[in-house]
Amino acid sequence: MSRYWSAVVHGLTPYVPGEQPKLPNLVKLNTNENPYGPSPRALEAMRGEVGENLRLYPDPSADRLRQAVADFYGVTPQQVFVGNGSDEVLAHTFQALLKHEAPLLFPDISYSFYPVYCGLYGIEYQTVALSDKFEIRVDDYFRPNGGIIFPNPNAPTGMALPLADIERLLESNKDSVVVVDEAYVDFGAESAVALVDRYPQLLVIHTLSKSRSLAGLRVGYAIGHPDLIEALIRVKDSFNSYPLDRCAIAGAAAAIEDRAYFESTCARVIATRARLVNELEALGLEVLSSAANFVFARHARRDGAELTARLRERSIIVRHFKSPSRIAPFMRITVGTDGQCDALLHALGEILRG
Ligand SMILES: *Cc1c(COP(=O)(O)O)cnc(C)c1O
């Protein structure tokens with residue numbers, strides 16, 4: 001069969017997403033989904049799209065959604081690009097803005113899709129080690145590069161970089177694009193969107209999968225200088241003119257417009273996170289400081305893979321990363337409802353005592 005494959009396919013190392021098990025009664029804390037569900041206004045807007053109009057193609061530039069995003073952040077629609085999940089926005093960004101002669105830089109512990117896109121698009125990269133406290137040190141990025149990308153808060157550590165550090169990086173890195181992947185920013189970090197008007201090399205990428213609880217809808221967006229956005233549009237229009245369907249455009253715009261629902265559900269996640277951190281520490285785990293809707297925690301004497309497997313026997317699914325070895329002791333635990341977190345803490349307590 002593989003004799004029919006293109007040469008490039010033989011060389012690919014695809015991303016492995018967190019599993020979506022089909023078992024009933026799972027406490028699913030492995031893929032950072034939001035436990036509270038989408039805004040009721042978003043659901044209503046999507047229902048309104050299901051009808052005769054689906055005969056027609058959607059708006060290829062999704063202007064209604066771009067306007068909603070622009071209004072939310074106080075930017076212009078020309079500074080906004082939207083795509084089918086931020087993974088697609090990231091893919092276009094790698095191809096449009098990060099493929100140069102000098103290597104792309106990103107942290108050694110980071111979103112594991114980045115090296116996958118480099119493989120797909122043939123982009124040279126170098127990883128930059130986090131500090132021994134798992135922090136991004138921006139000074140380590142002051143070297144020749146074809147672009148810089150990192151999540152803020154970082155994944156899977158959950159740790160946030162202050163905006164002042166990002167600004168320092170932008171001040172000393174004007175000849176290549178700096179991408180800040182803010183998938184989790186709404187849970188407690190400072191957004192770099194505040195800097196896009198001053199730094200034309202800055203691109204900020206967001207998703208509706210986490211803080212807007214729409215992982216199933218597949219919508220993400222980028223905010224940056226219109227020249228960067230134009231590059232993304234050129235790639236998109238060479239790939240798929242209609243990445244967002246009618247339901248996605250309407251639902252995503254309504255979700256962005258429902259600020260009150262967004263703020264209250266983020267606040268609930270943040271409150272539960274504080275309690276989860278305290279109780280994990282009471283069980284003897286070390287928890288990295290998290291500004292995300294997940295925590296990264298390890299036990300001094302118990303292996304992360306083993307604890308993950310023992311939780312799984314009790315129908316509680318968390319995420320474990322085998323590599324790099326520095327993070328093998330950790331579990332990444334999504335902040336669920338209070339009830340889900342209680343189930344996790346109860347099970348973990350039993351496993352650790354047993
Ligand atoms: C979840 C996540 C994404 C992808 O989000 P989608 O919009 O669901 O594709 C991108 N970057 C990071 C760091 C993430 O954790």
Side-chain angles (χ1 to χ4, degrees), residues 14-20 28-35 38 42 62 65 69 80-94 98 104 106-118 120 127 130 134 136 148-161 166 178-189 191-193 203-223 232 236 239-240 243-245 248-249 251-252 255-256 262 266 269 273 288 290-296 318-319 321 327 330 332-335:
Y15 176 73
V16 183
E19 57 176 337
Q20 298 289 347
K28 190 174 176 305
L29 302 175
N30 67 328
T31 50
N32 301 338
E33 288 139 333
N34 189 314
L65 175 56
V69 172
V80 179
F81 176 81
V82 296
N84 190 267
S86 65
D87 285 339
E88 185 184 79
V89 178
L90 285 163
H92 291 343
T93 299
F94 274 67
L98 302 178
L104 174 65
F106 51 82
D108 63 338
I109 296 166
S110 190
Y111 188 35
S112 49
F113 225 135
Y114 300 158
V116 175
Y117 292 131
C118 289
L120 178 63
T127 58
L130 298 183
F134 298 97
I136 291 174
I148 296 171
I149 184 167
F150 54 86
N152 191 39
N154 195 12
T157 65
M159 291 178 64
L161 195 61
I166 293 175
V178 175
V179 181
V180 186
D181 179 355
E182 294 189 347
Y184 302 103
V185 75
D186 299 319
F187 300 106
S191 175
V193 172
L203 189 74
V204 181
I205 298 183
H206 281 213
T207 174
L208 274 71
S209 297
K210 279 88 182 214
S211 57
R212 262 90 179 186
S213 202
L214 284 167
L217 196 64
R218 312 305 305 131
V219 182
Y221 54 90
I223 299 178
L232 296 174
K236 171 234 167 211
F239 178 76
N240 178 1
L244 295 188
D245 61 66
I249 293 170
I256 302 274
F262 160 73
C266 287
V269 169
R273 179 181 69 210
L288 299 189
S290 172
N293 70 336
F294 60 85
V295 298
F296 208 44
V318 301
R319 187 109 195 243
F321 299 91
I327 62 168
F330 285 85
R332 192 194 68 186
I333 305 167
T334 302
V335 179

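In this text, all values refer to a predicted model and were calculated from it rather than measured experimentally. Ligands are counted one by one from 1 in listed order, and the atoms in each one are counted from 1 as well.
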task = Determine the interplanar angle of the Phe330 and Phe134 rings, folded into 0 to 90°, and report it as parallel if under 30°, tilted if 30 to 60°, perpendicular if over 60°.
result = perpendicular
query = Parallel, tilted or perpendicular: which fits the ring planes of Tyr111 and Tyr114, with parallel below 30° and perpendicular above 60°?
reply = perpendicular
Closest non-hydrogen protein atom to [atom], residue and atom name please, with distance?
atom	value
atom 13 (C) of ligand 1	Asp181 OD2, 3.4 Å
atom 5 (O) of ligand 1	Ser86 OG, 3.0 Å
atom 15 (O) of ligand 1	Tyr184 OH, 2.5 Å
atom 9 (O) of ligand 1	Arg218 NH2, 2.7 Å
atom 1 (C) of ligand 1	Lys210 NZ, 1.2 Å

Atom indices of ligand 1 within 4.0 angstrom of Gly85 heavy atoms, with elements = 7 (O), 9 (O)
message = Under 4.0 Å from a heavy atom of Ser209: which atoms of ligand 1 are those, numbered in the order shown and with their elements?
response = 6 (P), 7 (O), 8 (O)
query = salt bridge (charged side-chain N to carboxylate O under 4.0 Å, His left out) with Asp245: which residues, sequence neighbours excluded?
reply = none
task = Please say whether the positively charged group of Arg273, taken as NZ for Lys or CZ for Arg, lies over the ring of Phe187, i.e. under 6.0 angstrom from the six-membered ring centre and within 45 degrees of the axis.
result = no
task = Using distance alone, decide if ligand 1 has a nitrogen or oxygen within less than 3.5 Å of any nitrogen or oxygen in Thr207.
result = yes
ask   = Going by atom types alone, do Lys28 and Thr31 pair a side-chain donor with an acceptor below 3.5 Å?
value = yes
message = How close do Pro156 and Ile109 get, counting heavy atoms only, and between which atoms?
response = CD-CG2, 3.8 Å
